[in-house]
Amino acid sequence: MSSISSDDTETETIIASSPNALNRSDTHSDNSQTQFTTEFLESTTSVDSSSSVAIMDSFSKMLCAFSYEQAKGMLEKHAAQKNLDSIWGSLLQPAANITVTEKQYMNLSFLAPKGFLRKECNLKGSLEHLKQDLKKFRDTDLENYASELLFLISIRLDLMEFYEKLSLLGTAKNVEIDDLISDYEIITEKYTNRKKVVAESRLAMRHIFTSIGWEVEILAHLLKSHSSMQNWDFFSSVISSQEAQKRLSEWAEFLQLLQNSKKSSFLNSGSVNPSLYTWLVKLRATLLSKFSLYFYDILVQYSNPAFDIKAVSTKLQMDYFTKITTFVKKSDALCVCLVLDARDIPFHPNGYLFPARTQEFPTGLNSFPAVLAVPIKPTTHWPSVVMLINDRFSELSAEKMVGFFDSQVQSTYYLLKIDIRMYMLAIYECKKSEKDSYVLKFMQEMSMDLRCGKIFATLRSIAKVL
């Protein structure tokens, strides 16, 4: 149930072998996770307790463990009790409804495509209705519980809007990941501020806030890692990747411990991970594959001598290096290169600059370095390549493939912008059609993969209407 993915070992291998970037530990995070899991499993709170604190505590734990039916059943059981305080009983119904909305949210039901005779999910409407129900508990003894549930609804509505934008990132024009990161920082700040209140007051809903925290922080680090790769920032990419992996491992370990613990009654038998959790795992795997390609040469040159990036890449979700190598052989290309537009960024071939050191922006031919060349860098062709990028910049910026035959050197060049600062270049030392369909298809597929357009689009395709 809680396994992250089959390439966990490869993830740890790549990160552990990265040159000096991750030679650090964060024992505070590990200790916090152990404390949380121990507290969760060793809690003596009984699900049958009539205490409102005990009930909301168990409710929170069940949501955290994806046990929505059990949480709903428990609340309905208490609501049916005789001599139940009327105000407390009236809170149990919206709380029970939240188990339904949480299940729909975690399975991305709000992103499911609409269609004829297909059940639709109006999750936003349901949450807005619940907000109005819970606001009625202001100035009552149950205001604290209602406030916690209201924040849960609020953060879900914010995240739903963000996931909707993210799912369109692969097809939307003039929208980049950095634009969405700015929006997401508002959500993370909102959660961080509330997290401090929960930690200090030890509210009954603290368990579900831990689960929300994993989601919020994992996505934040993955988006940062993606942005750093686009700007060819090795150090930031690897740090963000490590932080995302750490939290995914915490979440997976927590679920595994629940599953294995005889003390825990919070997991349904045969329960499976919801779509959103699975998607976050796949996004991490997608970015790891991208990382292995963009920084392939760095990993080869500076990693532990025993580390074989080529062998490790074959076990990743996508082995881009082998895919390019196969394309070169099949199409009889001289080479395929990833060309970085480094004109307005501090560039260094090892992917990292010491913060206190001033680095001038590259000029001339160095403005467009080949960060990867398969099988060789075409040094004699580079003046022609840089000239072609400058001359056809408008077409390339519009994400159109540029094909050009240079009669002076009897070579054909193909260029396509595949990422914010990255071009894919293919060179053939012969005359070919400037609109070769095989080359175009390969480059467009690589662009869609490396921009993460496919994985973002799958937010909709894996959505389940419940």
Could you go through D319 and K323, starting from their C-alpha distance and side-chain angles, then the distance that decides it, and tell me whether this counts as salt bridge (Lys or Arg N to Asp or Glu O under 4.0 Å)?
CA-CA 6 Å; D319 182 3; K323 187 174 182 179; over 6 Å; no

Can you name the residues that form a side chain to side chain donor-acceptor pair (under 3.5 Å) with S240, not counting sequence neighbours?
none

Could you point out which residue of Y191, F254, F209 forms a ring-ring contact (aromatic ring centres under 6.0 Å, His included) with W214?
F254

Parallel, tilted or perpendicular: which one describes the rings of Y277 and F66, with boundaries at 30° and 60°?
perpendicular

Should the ring pair F234 and F295 be called parallel, tilted or perpendicular, given that the plane angle runs from 0 to 90° and is split at 30 and 60?
perpendicular

Aromatic plane relationship, Y413 with F404 - under 30° parallel, 30 to 60° tilted, over 60° perpendicular
parallel

Find out whether H226 and F456 are in side-chain contact, i.e. whether some heavy atom of one side chain is under 4.5 Å from a heavy atom of the other.
yes

Please name all residues satisfying side-chain contact (heavy atoms from CB on, under 4.5 Å) with Q444, sequence neighbours left out, ordered by chain then number.
L416, L440

In plain terms, say whether D233 and R421 are close enough for a salt bridge, that is, a side-chain N and a carboxylate O under 4.0 Å apart.
no

For the pair E69 and K72, find out whether any cationic side-chain nitrogen is under 4.0 Å from an anionic carboxylate oxygen.
no

As a quick check of understanding, evaluate side chain to side chain donor-acceptor pair (under 3.5 Å) for T286 and K454, giving each step before the final call.
CA-CA 10 Å; T286 298; K454 287 184 179 179; over 6 Å; no

Set out, in order, the CA-CA distance, both residues' side-chain angles and the distance that settles salt bridge (Lys or Arg N to Asp or Glu O under 4.0 Å) for K124 and E164, then state yes or no.
CA-CA 12 Å; K124 182 177 180 181; E164 287 175 359; over 6 Å; no

Determine whether the side chains of S90 and K136 contain a donor N or O and an acceptor N or O closer than 3.5 Å.
no

Heavy-atom check, side chain of L152 versus side chain of R156, under 4.5 Å:
yes

Residue K310 excluded, over 12 heavy atoms near NZ under 6.0 Å:
no

Salt bridge flag under 4.0 Å for residues K246 and E243:
yes

